[in-house]
Amino acid sequence: MSSSSLAPSTLPSDALLTAQFPSISILVSPFTNRGIYATKHIRKGDVVFTDSPAFFRQELANRRDCIVCASCAKFIGQLSFMGDVLCRRRTREGALQRELKPGAPPPPPPPGVPCQAACGEWYCSETCRDAHWKQGGHCLLCVGACKDESHALAQFKMHAVGTCHDELLAAEAMATMVARVAFDGTPFGAVLGVLAPFATAPYHAIVGAGDPAATADALSRNQEGFALLRQGLAERLAAFAPNADAAEMALKTVASYEVFSGLLGIFELNNLAVDCESPVDRLMFALENQLADDATVLSERLGVDAEADRKALVKHLVLMANEAQAARIQDAEGDAVTAAEAVAPGRRFPGLEGTALFALGSCMNHSCSPNVESRYDDIESPATVTVFATRDIAAGEEICHAYIEEEADVRVRRSSLRHYGFTCMCPRCVAESA
Ligand SMILES: [Zn+2]
Ligand SMILES: [Zn+2]
Ligand SMILES: [Zn+2]
């Protein structure tokens, strides 16, 4: 997961795919797009496949509410820590914001492992931290050691935050690839080959959507961002690469604008939104709805005793939800409406939100009457997607999800899909446009 786990081949081989997910296969035909097809009857509600992301990035606005491992996306800590973060008693940097009462015991040290350069990233373990630092290329991007905001990497980050958040994801992907060439001596062809399965187009052409001024504008913005990134990468490589030749090879082959723009295009066309409910919310739901098994698993994970006094625990969670809501209103400068938007409807605590690129998931084509949906409900791996059937699927049928809102009428749907470079000819669109 995250940048560190982008393996040389991100798509499972046919044999592996069959062993893992026996009811699907990937079909490539010269007459259609690559797609995923059912090889046997799949019943409504069945899991069709699961996929862990090749890349994952948490939404910037979500970083205050949820602290997850920057390498494997696991939720860090137990109920007390999560509560402290949700209620803004503790910041991402680990500091306690609220003053302690005189004589109160010092708070326990935060769980998890911070980035060694204290950039604000957290890890579930030293293993994740070390893997992300070197193989994941974090040492090439980390801004913790930057002396001030004039450093190229700090400038790049501000540029990306201000103009195009996907530049951050593209930078992580690029840093991972640069690290593999510079640190491990992996041939650059193998490194770039990882990207081959994904559909792409130059990013500025996608977002420009045929408008020359918008296209030129996007191009110059991304080139500006890339120039800063490349300068930062070159500086870091000088410090971390085993020798100057390795650094130069990585810069010349992988750190080009074409690769950067191609990565942005891949993310633009293939990303899925990750949305995993907070474990705290799930515990509360399980307790309120007498789901004993769920409550046991969740309370164990969150380090609380649900058996001892269920009522007291529910009360504690209700108070926490109120305090977290008040903290968000304060964040939103008193605007309760904006604060409420930070939490999905039907939830009391914000969950994990981000965008991810899935190798297998990106093989799914679009339909306006899809037969599957995605969910993110694996607490130990919240960015892993589970794709399940929303109706019975016959053997031979294509597995399709909706890239866009399905409710809109055919004109709106087709215009939204132009972004992906095709005119939808799904049965529903054909029928509705006749
Ligand atoms: Zn981890
Ligand atoms: Zn760092
Ligand atoms: Zn359609």
Side-chain angles (χ1 to χ4, degrees), residues 1-5 32-33 35 52-53 55-58 63 66-77 92-94 110-147 151 153-154 156-157 168 171-172 175-176 179 232-233 236 239-240 276 301 352 354 356 364-371 378-384 398 400-434:
M1 198 171 303
S2 105
S3 45
S4 54
S5 72
T32 58
N33 292 329
S52 56
F55 289 100
F56 169 71
R57 190 180 61 78
Q58 188 176 9
R63 286 169 63 87
C66 290
I67 297 191
V68 299
C69 176
S71 185
C72 74
K74 205 180 275 187
F75 286 103
I76 288 178
R92 181 164 267 277
E93 284 67 38
V113 187
C115 165
Q116 57 243 59
C119 67
E121 294 293 10
W122 282 83
Y123 300 94
C124 68
S125 63
E126 286 179 6
T127 312
C128 268
R129 181 196 63 189
D130 296 346
H132 195 228
W133 181 254
K134 208 71 199 270
Q135 290 110 277
H138 183 58
C139 67
L140 302 173
L141 285 183
C142 176
V143 291
C146 296
K147 276 193 205 74
H151 192 280
L153 288 174
F156 165 72
K157 218 170 168 181
L168 297 171
E172 279 222 18
T176 310
L233 287 175
R236 286 293 164 84
F240 287 101
C276 179
R301 167 64 180 83
L352 173 64
M364 268 191 300
N365 288 316
H366 164 85
S367 167
C368 300
S369 39
N371 49 19
D378 182 346
I379 283 197
E380 292 315 320
S381 183
T384 290
E398 183 170 7
C400 289
H401 69 144
Y403 293 179
I404 52 157
E405 291 294 330
E406 306 155 39
E407 287 78 27
D409 71 35
V410 60
R411 226 167 20 88
V412 175
R413 294 201 309 271
R414 279 190 167 164
S415 116
S416 318
L417 287 165
R418 212 163 294 144
H419 180 76
Y420 294 92
F422 66 93
T423 303
C424 189
M425 296 299 280
C426 78
R428 192 177 148 209
C429 282
V430 171
E432 286 179 22
S433 61

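All residue numbers in this chain count up from 1 along the given sequence. It should be emphasised that the depicted structure is a prediction, and the values quoted were computed from it without experimental measurement. Order of listing sets the numbers, starting from 1, for every ligand and every atom in it.
- Distances from the Zn ion (ligand 3) under 2.8 Å pick out these protein N/O/S atoms: C368 SG, C424 SG, C426 SG, C429 SG.
- Inter-residue side-chain proximity for R414 and M425 is flagged as met; some heavy-atom pair is nearer than 4.5 Å.
- Of all protein N/O/S atoms, those under 2.8 Å from the Zn ion (ligand 2) are C115 SG, C119 SG, H138 NE2, C142 SG, and waters are not counted.
- Checking side-chain atoms of T176 against main-chain N and O of G136 turns up a donor-acceptor pair under 3.5 Å.
- Nearest approach of H138 to C119, heavy atoms of both residues: NE2-SG, 3.5 Å.
- Put simply, the angle at the Zn ion (ligand 1) from SG in C124 to SG in C128 is close to 110°, to the nearest 10°.
- Side chain of R428 to main chain of S369: no donor-acceptor pair is present (N/O by atom type, distance under 3.5 Å, no hydrogens or angles).
- To the nearest 0.5 Å, atoms CG (N371) and CE (M364) are separated by 9.5 Å.
- Separation of the Y123 and H132 ring centroids falls under the 6.0 Å cut-off.
- Rounded to the nearest 10 degrees, the angle SG (C69) to the Zn ion (ligand 1) to SG (C72) equals 110°.
- C429 places a side-chain heavy atom less than 4.5 Å from the side chain of R413.
- Once rounded to the nearest 0.5 Å, the distance linking CD1 of I404 with SG of C368 reads 5.0 Å.
- Side-chain N or O atoms of E398 include none that pairs as donor or acceptor with a backbone N or O of S367 at under 3.5 Å.
- At a threshold of 4.5 Å between non-hydrogen side-chain atoms, the residues Y403 and S416 do not count as touching.
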